[in-house]
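Input: a single structure, listed below in structure tokens.
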Protein chains: 2
Amino acid sequence: MIHRSPNHEEAGVSKATLSRMPAYLRYLKEESVKGVEYVASAAIAKDMAVSAVLVRKDLALVSSVAGRPRLGFEVNGLIADIEKFLGYDNVSDALIVGVGGLGRAFLGYEGFKNYGLNIVAGFDVDPRLVGTKIAKKPILPLDELTNFVRQRNINIGIITVPKGAAQGVCDRMVEAGLKAIWNFASVKLSVPNGVIVRYEDLAASLAMLSGELFNVLDKK
Amino acid sequence: MIHRSPNHEEAGVSKATLSRMPAYLRYLKEESVKGVEYVASAAIAKDMAVSAVLVRKDLALVSSVAGRPRLGFEVNGLIADIEKFLGYDNVSDALIVGVGGLGRAFLGYEGFKNYGLNIVAGFDVDPRLVGTKIAKKPILPLDELTNFVRQRNINIGIITVPKGAAQGVCDRMVEAGLKAIWNFASVKLSVPNGVIVRYEDLAASLAMLSGELFNVLDKK
DNA sequence: GATTTATCGATAACGATATATCGAAAGGAA
DNA sequence: TTCCTTTCGATATATCGTTATCGATAAATC
């Protein structure tokens with residue numbers, strides 16, 4: 001999960017660019033298994049919904065070798081660069097607090113490993129859950145959060161509790177030493193400097209979807 | 001789900017603005033139950049991480065009454081305006097295809113109703129699931145999708161199948177007449193004009209999170 | 001080897017979004 | 001009533017991300 005890119009120093013890459021990287025990676029892997037050696041930015045652009053120029057700009061930020069005129073980018077080299085950049089070569093551990101519907105689904109979902117994330121345990125307050133396992137991962141009581149984080153040297157916590165409990169969980173995560181929080185409860189969390197929060201706000205997303213839907217239905 | 005706002009005609013509101021509306025709404029409701037009658041844009045801004053100017057700009061787009069100098073915005077009126085704007089007063093039905101971990105969680109999650117979305121049924125290809133119910137909602141075979149959509153006049157479909165199956169499901173949704181698709185499989189979907197797709201790409205989100213994490217850990 | 005052409009990379013233009021500034025309005029205080 | 005202060009709303013400015021343009025490069029072809 002930790003980035004060890006060769007060439008992006010402290011510059012920092014925009015979130016927009018970052019968010020496209022997994023899609024580039026997926027496409028490149030598909031081409032790679034087909035035996036394709038070089039792909040043009042235009043081909044990548046066509047596969048996802050972006051412009052070729054943007055693809056080149058993005059790739060310029062992470063690629064260790066330049067694209068070759070008339071050929072394009074070298075597929076396998078680029079895959080390696082992006083994986084290194086995204087830290088997928090270096091799967092990092094995370095834990096999840098809130099083993100309800102969504103939390104349970106996440107614990108059981110093996111796909112996160114492909115994105116460099118390994119959820120190693122769940123935490124919950126419900127005593128009926130504590131002590132059980134989901135997908136071979138232990139469910140522990142919240143009290144053990146701090147110890148667990150310190151022992152296993154974990155940086156990332158995922159919050160999937162109801163929104164009323166989110167800030168409390170967040171505080172404990174911060175106290176335990178977590179540095180990044182992926183929050184699925186739709187509340188704003190306050191955290192000290194140095195801790196980052198990423199919101200996965202389904203309500204916001206849904207608002208955008210229905211907003212667009214409105215425009216479409218209304219326009220005819 | 002369909003917007004019936006009094007004052008934003010065909011103008012269209014930016015996605016960014018749209019995405020903040022649920023957060024405004026949440027804050028305003030919290031204040032409302034406390035008995036607060038007026039709130040200043042600065043107070044709202046402080047609660048979430050945006051500037052007061054931005055709050056005023058956003059609210060100007062949806063509010064039927066202007067904010068009052070020295071007092072701020074009238075809480076309850078504003079709540080009504082936003083709910084109307086977002087269509088939360090008019091819950092619309094949706095269906096979900098893919099009753100795996102995430103799909104199951106969504107079917108069981110009652111909270112979507114608060115956001116104007118009512119998931120009425122799940123669809124899956126697994127014959128062991130078909131015929132069962134989750135949270136009182138029937139699981140149906142994919143073949144019945146088209147009939148179901150037409151009979152119930154549904155506009156929104158949610159895709160929670162593995163990515164290999166996503167485009168196929170998407171095609172069937174389009175054929176059935178769905179107008180908006182909320183896609184949780186991280187693949188780009190191709191749809192004809194007039195159908196809108198909203199991507200919920202956890203891989204992209206995770207990339208952003210870890211990107212920020214990298215910056216934080218690296219900066220010290 | 002010369003020519004053609006697909007493709008890149010850099011720079012500049014554009015558009016959308018967020019911020020800063022400032023005059024105006026209205027509640028509250030003198 | 002008059003003045004002061006808060007807060008709004010409008011306009012202008014800045015920032016960020018995307019797109020457009022164009023010369024340069026190197027593979028492919030003749």
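None of the values given here were measured: they were computed from a predicted structure.
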For B:Ala43, which residues count as a side chain to side chain contact (heavy atoms under 4.5 Å, CB included) partner, sequence neighbours excluded?
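Here the qualifying residues are B:Tyr27.
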
By side chain to side chain contact (heavy atoms under 4.5 Å, CB included), which residues pair with A:Glu74, not counting sequence neighbours?
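Residues passing side chain to side chain contact (heavy atoms under 4.5 Å, CB included) with A:Glu74: A:Tyr38, A:Asn76.
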
Flag the pair [X] and [Y] as a salt bridge only when some basic side-chain nitrogen lies within less than 4.0 angstrom of an acidic carboxylate oxygen.
X       : Y       : answer
B:Glu83 : B:Lys29 : yes
B:Arg20 : B:Asp58 : yes
B:Glu31 : B:Lys34 : yes

Atom [atom1] of [X] and atom [atom2] of [N]: how far apart are they, to the nearest Å?
X       : N      : atom1 : atom2 : result
B:Leu18 : C:dT17 : CG    : C1'   : 14 Å
B:Asp58 : D:dC8  : CG    : C1'   : 15 Å
A:Leu54 : C:dG15 : CG    : P     : 17 Å
A:Lys15 : D:dT18 : NZ    : C1'   : 18 Å
A:Leu59 : C:dC8  : CG    : C1'   : 11 Å
A:Arg56 : C:dT11 : CZ    : C1'   : 13 Å

May I ask you to list the residues of residues 38-53 of chain B, by number, that have any heavy atom positioned under 4.0 Å from an atom of DNA chain D?
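When residues 38-53 of chain B is checked for heavy atoms under 4.0 Å from DNA chain D, the hits, listed by number, are B:Ala40, B:Ser41.
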
Heavy atoms, side chains only, cut-off 4.5 Å: are A:Glu200 and B:Glu200 in contact?
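The answer is yes; the side chains approach within 4.5 Å.
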
Side-chain heavy atoms of B:Ser32 within contact of B:Ile79, under 4.5 Å:
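Result yes, sub-4.5 Å side-chain heavy-atom pair found.
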
Has A:Ser63 got a side-chain atom pairing as donor or acceptor with A:Ala60's backbone, closer than 3.5 angstrom?
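Between the backbone of A:Ala60 and the side chain of A:Ser63 there is no qualifying donor-acceptor contact (under 3.5 Å).
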
Can you establish whether the number of heavy atoms outside B:Lys15 located under 6.0 Å from its atom NZ is more than 12?
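Open: at most 12 neighbouring heavy atoms sit under 6.0 Å from NZ of B:Lys15.
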
So which one's nearest nucleotide on DNA chain D is more toward 5', B:Ala66 or A:Arg20?
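It is B:Ala66 whose nearest nucleotide is closer to the 5' end.
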
Could you pull out the protein-nucleic contacts involving nucleotides 26-30 of chain D (nitrogen or oxygen on both sides, under 3.5 Å)?
residue	atom	partner	partner atom	Å
D:dA27	OP1	A:Arg68	NH2	2.8

Give each protein N/O atom lying under 3.5 Å from an N/O atom of nucleotides 12-15 of chain D, with the pair distance.
none

Write down the atom of A:Asp201, the atom of A:Ser186, and the distance for their closest heavy-atom approach.
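Heavy atoms only, the tightest pair is OD1-CB, 3.4 Å.
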
Side chains of residues 97-107 of chain A: which donor-acceptor partners sit under 3.5 Å, not counting sequence neighbours?
none

